[in-house]
Number of protein chains: 2
Amino acid sequence: MSGISDVARIAGVSKSTASRALTGGGYVSEATRQRVLDAAARIGYVASTNAASLVTGRTKNVGVIIPFVNRWYFGEVLEGVEDALLACDYDLTLYNVRPGSASRSRIFEHFLARKRFDGIITIGLDLSPAELERLRSLDRPVVSLGAQVEGASSVAIDDVAVSRLATEHLIGLGHTRIVHIGGGRSEDLHGTVHGRRLRGYLDAMEDAGLGAQTLHVPSEMTLPGGYAAGVQVVSNLRSRPTAISAASDEVAVGAIVAARRTGVQVPAELSVVGVDGHEYAEMFSLTTVEQSPREQGVAVVELLMDALEGRHASPTTLLHPTRLVVRSTTARPRE
Amino acid sequence: MSGISDVARIAGVSKSTASRALTGGGYVSEATRQRVLDAAARIGYVASTNAASLVTGRTKNVGVIIPFVNRWYFGEVLEGVEDALLACDYDLTLYNVRPGSASRSRIFEHFLARKRFDGIITIGLDLSPAELERLRSLDRPVVSLGAQVEGASSVAIDDVAVSRLATEHLIGLGHTRIVHIGGGRSEDLHGTVHGRRLRGYLDAMEDAGLGAQTLHVPSEMTLPGGYAAGVQVVSNLRSRPTAISAASDEVAVGAIVAARRTGVQVPAELSVVGVDGHEYAEMFSLTTVEQSPREQGVAVVELLMDALEGRHASPTTLLHPTRLVVRSTTARPRE
DNA sequence: CGTGTGCATGGAACCGGTTCCCGACCCGTT
DNA sequence: AACGGGTCGGGAACCGGTTCCATGCACACG
């Protein structure tokens, strides 16, 4: 495999001159630079970032830690991050730490310590104090998306607000028996996305004077999860709610499928609102609060680049905009 | 940041001895080895793979090229690959080449040339001759999943066979007006997954003497794609088909949603069969031919490890097993 | 008792780049 | 004609590891 020495030899210059010509530092005459560039192009030379990083300390590589790649939100974010990093000439090393997976500690203890990247992006991850400590000890900038990492810049949406907005939409239509489908134990109303979305629902109900009749069916943030919860809600014949505020679009769609299957009309008998702007939302005419995970991925990369280039050192938190999109799964309740 | 020299100093030995103790090569007395290991553990030392790779030539890193991360099949595969690589102590560098994206050539020309990985895994990718050439010039083993790369080992399922099996199931139930929803232009019956699945349908129809009445509605391999195609099929009132052979489960589910929405009973009026074993299949009681992408990911990593360790040099192709799972979206046609 | 063998260790070269430092050269000033 | 500052390019050190080679030593053997 060809190295910089080969380029130098072909161009008839020394290694150092070749390096200067290629990286653009120091004085090189235009003529020599061209000769070096030509030589490099001719043999298809690309510098080994590995070797360069040894002396420069910049690896041109970023570690991304993510709990799922297979859920819509995370997949979108990852694609956005990938694109943005590529545009900045960075490679992306992926660490998939599935919740409950044994490999999680191995990643933090072993893999992250290999000094292989210039920075780290964590996505939707709640870190333990030990993990935080380990991350900090690497002495590389850390930015996070969708969850707060202490002392790190981050991009997120206001999860409480989106869920509140969705619920208020239902209340505004005249609903009072509204159930929230989603995760989150009631003790944990801040630490997780699940929890914050439950919080938003509770706040909206409270503010509307409906604090006494809140309902919460726990569910995984998946379509099958929403389906199971939906079955439960719909089969509750005595006092069936007239509306569902779902913690995510996948949950909402699952609930809709469950309702239709049982012969319950949406939105005539049951209104459903979600959160996300999932690619399925349009197909199901789902009313939802849209966020744009792909753009959030791009934004978090920008934040990391700022940190890498020493711009605005103090941690900032960027709140990404969201908006209510009313389609046809929500309507006034029947008298 | 601590280096091997620090470890050596603390343990009171030379750099070379420390290196031998840590990597396990050459002679080191048990006592010294322990002292070195203790010193390393004490300061949380992990060798920089970067620096080591410079001399050993092994980077402990694998490049993965994938067209989507956001589609079920690809997401599953990626998670399987990640797990398996981690278990072998390899990092994963992700290259997401979305079809039609301008960055594709940049990845092949620039990023892949950085000599950063020991091997490459391509997933569901049809390479142009130039790309193939570039890959080969890197002089690193390449293995592929779900598509043939000339001269490379690969893992795949028999796409023709699965689609044939699904279609034969419908034929076996007595259906004759069967439509295939999926991609693939009829000229391209081998090069792509779309094409091969169309081929399987055509073969099955042919063999059953139904070659004259094949029907094909093109569609993207997504749920919305299937929905759109489903609407088209169902609204064809005069001679509506009695069964759909979908190219994937996502397409199948989309078609089912479309049918139900239009009031067409599944399976009473319309049977639907898919291919994949998607996580949604069970929820929709979908009859399908299951494959296991996660396991395929693990298998392709094994193949790569074989190549990296010089075992069985000649390219092998592994056909992964599949099986028909009959649920309740298929039934005999009504008289 | 001299010598050969095998284990244990340290010194130094090396991987492929970047960068520091220094000398050569050119050109305009004094 | 001597001098100084700005350009240009080469030699060598360095990044953090691994590995080759030489050396020291203990022990067994003839």
Side-chain angles (χ1 to χ4, degrees), chain A residues 1-37 39-40 43-61 89 91 110 113-118 138-140, chain B residues 1-37 39-40 43-61 89 91 110 113-118 138-140:
Chain A
M1 193 151 309
S2 51
I4 199 175
S5 312
D6 302 315
V7 176
R9 190 162 27 72
I10 295 179
V13 297
S14 70
K15 258 176 64 177
S16 27
T17 304
S19 172
R20 276 189 298 255
L22 291 167
T23 59
Y27 292 113
V28 185
S29 71
E30 195 43 45
T32 346
R33 152 164 289 123
Q34 262 317 319
R35 253 187 307 138
V36 172
L37 260 39
I43 61 176
Y45 168 82
V46 177
S48 153
T49 325
N50 258 356
S53 76
L54 207 47
V55 40
T56 62
R58 319 283 324 250
T59 61
K60 285 294 188 178
N61 188 28
D89 199 34
D91 277 340
H110 180 66
R114 300 217 266 212
K115 307 153 190 150
R116 248 189 180 166
F117 18 69
D118 298 334
L138 297 176
D139 211 26
R140 299 270 188 281
Chain B
M1 193 149 311
S2 51
I4 200 175
S5 311
D6 301 315
V7 176
R9 189 162 28 70
I10 295 179
V13 298
S14 69
K15 256 176 66 177
S16 27
T17 304
S19 173
R20 275 188 297 256
L22 290 167
T23 58
Y27 292 114
V28 184
S29 72
E30 194 45 44
T32 357
R33 154 165 286 124
Q34 262 317 320
R35 253 186 309 138
V36 173
L37 260 40
I43 62 176
Y45 168 82
V46 177
S48 152
T49 326
N50 259 356
S53 76
L54 206 47
V55 40
T56 62
R58 321 284 321 250
T59 62
K60 285 294 188 180
N61 189 27
D89 200 34
D91 277 340
H110 181 65
R114 300 217 265 212
K115 306 149 190 156
R116 248 188 182 167
F117 19 69
D118 298 334
L138 297 176
D139 210 28
R140 300 268 189 280

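Convention: sequence-line order gives letters A, B, ...; per-chain numbering from 1.
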| note | Arg35(B) atom CZ is separated from dT9(C) atom C1', nearest whole Å, by 11 Å
| remark: For Ala113(B) and Leu138(B) the tightest heavy-atom approach is CA-CD2, 4.0 Å
| query | Is any side-chain heavy atom of Asp91(B) less than 4.5 Å from a side-chain heavy atom of Phe117(B)? | reply | no
| task | Indicate whether OP1 or OP2 belonging to dT7(D) is found under 4.0 Å from a side-chain N or O atom of Ser29(A). | result | no
| message | Side chains of Lys15(B) and Ser5(B), heavy atoms from C-beta outward: is any pair under 4.5 Å? | response | yes
| field | Interatomic distance, Tyr27(B) OH vs dT9(C) P [rounded to whole Å] | value | 13 Å
| Is Thr49(B) touching bases, backbone alone, or none of the nucleic acid, heavy atoms closer than 4.0 Å? | nothing
| Ser53(A) near the nucleic acid: base, sugar-phosphate alone, or nothing, with a heavy-atom cut-off under 4.0 Å? | nothing
| request: Scan side-chain atoms only and decide if Ser19(A) and Ser16(A) contain a donor-acceptor pair under the 3.5 Å cut-off. | output: no
| Val36(B) and Arg33(B), any side-chain heavy atoms less than 4.5 Å apart | no
| query | What pairs with Arg20(B) under side chain to side chain donor-acceptor pair (under 3.5 Å), at least two apart in sequence or on another chain? | reply | Thr17(B)
| Going 5' to 3' along nucleotides 14-27 of chain D, which nucleotides have protein heavy atoms under 4.0 Å from the base (write B), which only from the sugar-phosphate (write S), and which from neither (write -)? | -BBBBBB-------
